[in-house]
**Student:** 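Below is the structure I would like to discuss, written out as structure tokens.
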Amino acid sequence: MAPMLSKTLLMTALLALPLGSAAPVSAQEAKPREPVISVTGDGESALAPDMAVVTLAVVKQAKTAREALDENNKAMTEVLKALKEGGVAERDLQTSGFSIQPQYNYPQPVDGQQQQPQLIGYQTINSVTIRLRDLAKLGQVIDQSVSLGINQGGDIQFANDKPEAAIEEARKNAVAEAVKKAKTLSEAAGVKLGRIIEITENVPRPLPQPAYRATMMKEADAAVPVQGGENNYTVSVTVTFAIEQ
């Protein structure tokens, strides 16, 4: 009788173990969440640009595709040659677009009937993107390119070859602003700011900059006046603080 009783007590104890071990987990899940303050800070830093990226194009029209292409090739060859002789490296010149498109004339409807379009010629566009590392030559490069055949262009983007220092300064400013906001909020709420729990950073990016827009340029009697201004870099961070009890 005694051995059977001992076996029964052992089985009862084993079945009771899972119930006993589950109690601390439930208590942990029921623990109230730590009170926190989360704020976002934005920081900026300005840096004068040291390079420009400009896209220029040669647009030619002729009765045949062959003629349009030959005229375009001749002009673009002269432009690239002049850029290289002016000190622009091969690695800073890149063809960024090329197209040959038929050109049509669309006659007015006759007696309400739509007329067939008439092929009148072809247009070729060859564009080159230039990374200019000497900003002092930017106006001269545009002027010379127009004289050699460039007759269409796009936005000039002013950039920095190594913006790391400016981004680092913007990052510090962002954290400082977040801390300042958190202190203001905690004082207004009548609580004490505790330790930092988490810091997350958004990807830094330069803010949009004013740029010189050149479209359908035909003549230029002097070097084009261009102002580089400054590039503003911004960093956004979110900082989470604990609230001391």
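The structure displayed is predicted, hence computed values, not measured ones.
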**Student:** Could you tell me whether a side-chain N or O of Asp111 sits under 3.5 Å from a main-chain N or O of Gln113, the two making a donor and an acceptor?
**Tutor:**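 Absent.
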
**Student:** For the pair Glu230 (side chain) and Ala48 (backbone), establish whether a donor and an acceptor sit closer than 3.5 Å, ignoring hydrogens and angles.
**Tutor:**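 No; judged by distance alone, with no hydrogens or angles, the pair does not exist.
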
**Student:** So, are Glu34 and Arg195 salt-bridged, with charged N and O less than 4.0 Å apart?
**Tutor:**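 Arg195 and Glu34: salt-bridged.
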
**Student:** Got Pro107 and Gln118 here, is their nearest side-chain heavy-atom distance under 4.5 Å?
**Tutor:**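 Touching, per the 4.5 Å side-chain cut-off.
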
**Student:** With the threshold set at 4.0 Å, does a side-chain nitrogen-carboxylate oxygen contact exist between Arg133 and Asp50?
**Tutor:**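 Salt bridge: no.
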
**Student:** Determine whether a donor-acceptor pair (N or O, by modelled atom type, separation under 3.5 Å) exists between the side chain of Asp92 and the backbone of Ile130.
**Tutor:**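 A pair under 3.5 Å: no.
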
**Student:** Heavy-atom count check: over 12 atoms from other residues, nucleotides or ligands less than 6.0 Å from Glu164 CD?
**Tutor:**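 Above 12, so yes.
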
**Student:** What verdict does the side-chain contact (heavy atoms from CB on, under 4.5 Å) test give for Val88 and Leu93, after you've listed the backbone C-alpha separation in whole Å, the side-chain angles of each residue and the deciding distance to 0.1 Å?
**Tutor:** CA-CA 8 Å; Val88 180; Leu93 294 171; 3.7 Å; yes

**Student:** Give the minimum heavy-atom separation between Tyr122 and Pro102, together with the two atoms involved.
**Tutor:**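 That closest heavy-atom pairing would be CD2-CA, 3.7 Å.
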
**Student:** Using a strict 4.0 Å threshold on nitrogen-to-oxygen distance, state whether Glu168 and Arg171 make a salt bridge.
**Tutor:**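 Between Arg171 and Glu168 there is a salt bridge, with a charged N closer than 4.0 Å to a carboxylate O.
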
**Student:** Could you tell me whether the side chain of Val54 reaches within less than 4.5 Å of the side chain of Phe158, counting heavy atoms only?
**Tutor:**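 Of all side-chain heavy-atom pairs linking Val54 with Phe158, none is under 4.5 Å.
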
**Student:** With heavy-atom distances below 4.5 Å as the criterion, would you say the side chains of Gln152 and Leu56 are in contact?
**Tutor:**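 No; the side chains remain at least 4.5 Å from each other.
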
**Student:** Distance alone, cut at 3.5 Å: any donor-acceptor contact between the side chains of Thr240 and Ser38?
**Tutor:**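 Looking only at side-chain atoms, Ser38 and Thr240 do form a donor-acceptor pair, the distance falling under 3.5 Å.
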
**Student:** Do the side chains of Leu148 and Val58 join up, straight or via other hydrophobic residues, at under 4.5 Å, putting them in one cluster?
**Tutor:**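 In one cluster: yes.
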
**Student:** Ignoring hydrogens, what is the shortest heavy-atom contact between Val79 and Ile150? Give both atom names and the distance.
**Tutor:**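 Here Val79 and Ile150 meet closest at CG2-CG1, 3.9 Å.
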
**Student:** Apply the test side-chain contact (heavy atoms from CB on, under 4.5 Å) to residues Gln108 and Gln115: give CA-CA distance (whole Å), side-chain angles for both, the deciding distance (0.1 Å), then the verdict.
**Tutor:** CA-CA 7 Å; Gln108 294 294 325; Gln115 302 299 302; over 6 Å; no

**Student:** Heavy-atom distance under 4.5 Å between the side chains of Ser186 and Ile243, does that happen here?
**Tutor:**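 A side-chain contact is absent here, since even the closest heavy-atom pair is not under 4.5 Å.
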
**Student:** Side chains of Val191 and Glu244: closer than 4.5 Å at any heavy-atom pair?
**Tutor:**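 Contact flag for Val191/Glu244 side chains = no.
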
**Student:** Does Asn105 reach the main-chain N or O of Ile120 with its side chain, forming a donor-acceptor pair under 3.5 Å?
**Tutor:**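 Not a single qualifying donor-acceptor pair exists.
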
**Student:** Judged by atom type as modelled, is there a donor-acceptor pair below 3.5 Å linking the side chain of Lys81 to the main-chain atoms of Met76?
**Tutor:**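 Pair absent, no side-chain N/O of Lys81 close to backbone of Met76.
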
**Student:** Apply side-chain contact (heavy atoms from CB on, under 4.5 Å) to Met51 and Asn160, showing your working.
**Tutor:** CA-CA 6 Å; Met51 62 188 301; Asn160 294 98; 5.9 Å; no

**Student:** Which pair of non-hydrogen atoms, one from Thr129 and one from Ser96, has the smallest distance, and what is that distance?
**Tutor:**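 Smallest heavy-atom distance, with atoms named: OG1-OG, 2.9 Å.
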
**Student:** Is there a path of hydrophobic side-chain contacts, each under 4.5 Å between heavy atoms, that joins Leu69 and Val128?
**Tutor:**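 Different clusters.
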
**Student:** Ion pair present between Arg66 and Asp70, side-chain N to carboxylate O less than 4.0 angstrom?
**Tutor:**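 Judged by the 4.0 Å cut-off on N to carboxylate O distance, Arg66 and Asp70 do form a salt bridge.
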
**Student:** For a quick test of reading the model, state the closest non-hydrogen atom pair linking Ile156 to Ala52 and the distance between them.
**Tutor:**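 Minimum heavy-atom contact is CG2-CB, 4.1 Å.
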
**Student:** Kindly indicate, with the supporting measurements, whether the criterion side-chain contact (heavy atoms from CB on, under 4.5 Å) is fulfilled by Gln123 and Ile100.
**Tutor:** CA-CA 6 Å; Gln123 181 187 75; Ile100 301 177; over 6 Å; no

**Student:** State yes or no: do Val36 and Val239 share one hydrophobic cluster built from I, L, V, M, F, W and Y residues joined by side-chain heavy-atom distances below 4.5 Å, directly or via other members?
**Tutor:**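 No, Val36 does not connect to Val239 through the hydrophobic network.
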
**Student:** Provide the closest heavy-atom pair for Ala170 versus Ser45 in the form atom of the first, atom of the second, distance.
**Tutor:**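 That closest heavy-atom pairing would be N-CB, 3.8 Å.
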
**Student:** Looking at every non-hydrogen atom in both residues, tell me the closest pair between Ala68 and Ala62 and how far apart they are.
**Tutor:**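 Result for this residue pair: N-CB, 3.4 Å.
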
**Student:** Keeping Asp143 on the side-chain end and Gly139 on the backbone end, is there a donor-acceptor pair under 3.5 Å?
**Tutor:**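 Checked: no pair found.
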
**Student:** Would Thr40 and Thr238 count as having a side-chain donor-acceptor pair, cut-off 3.5 Å?
**Tutor:**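 Side-chain D/A pair, Thr40 to Thr238: present.
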
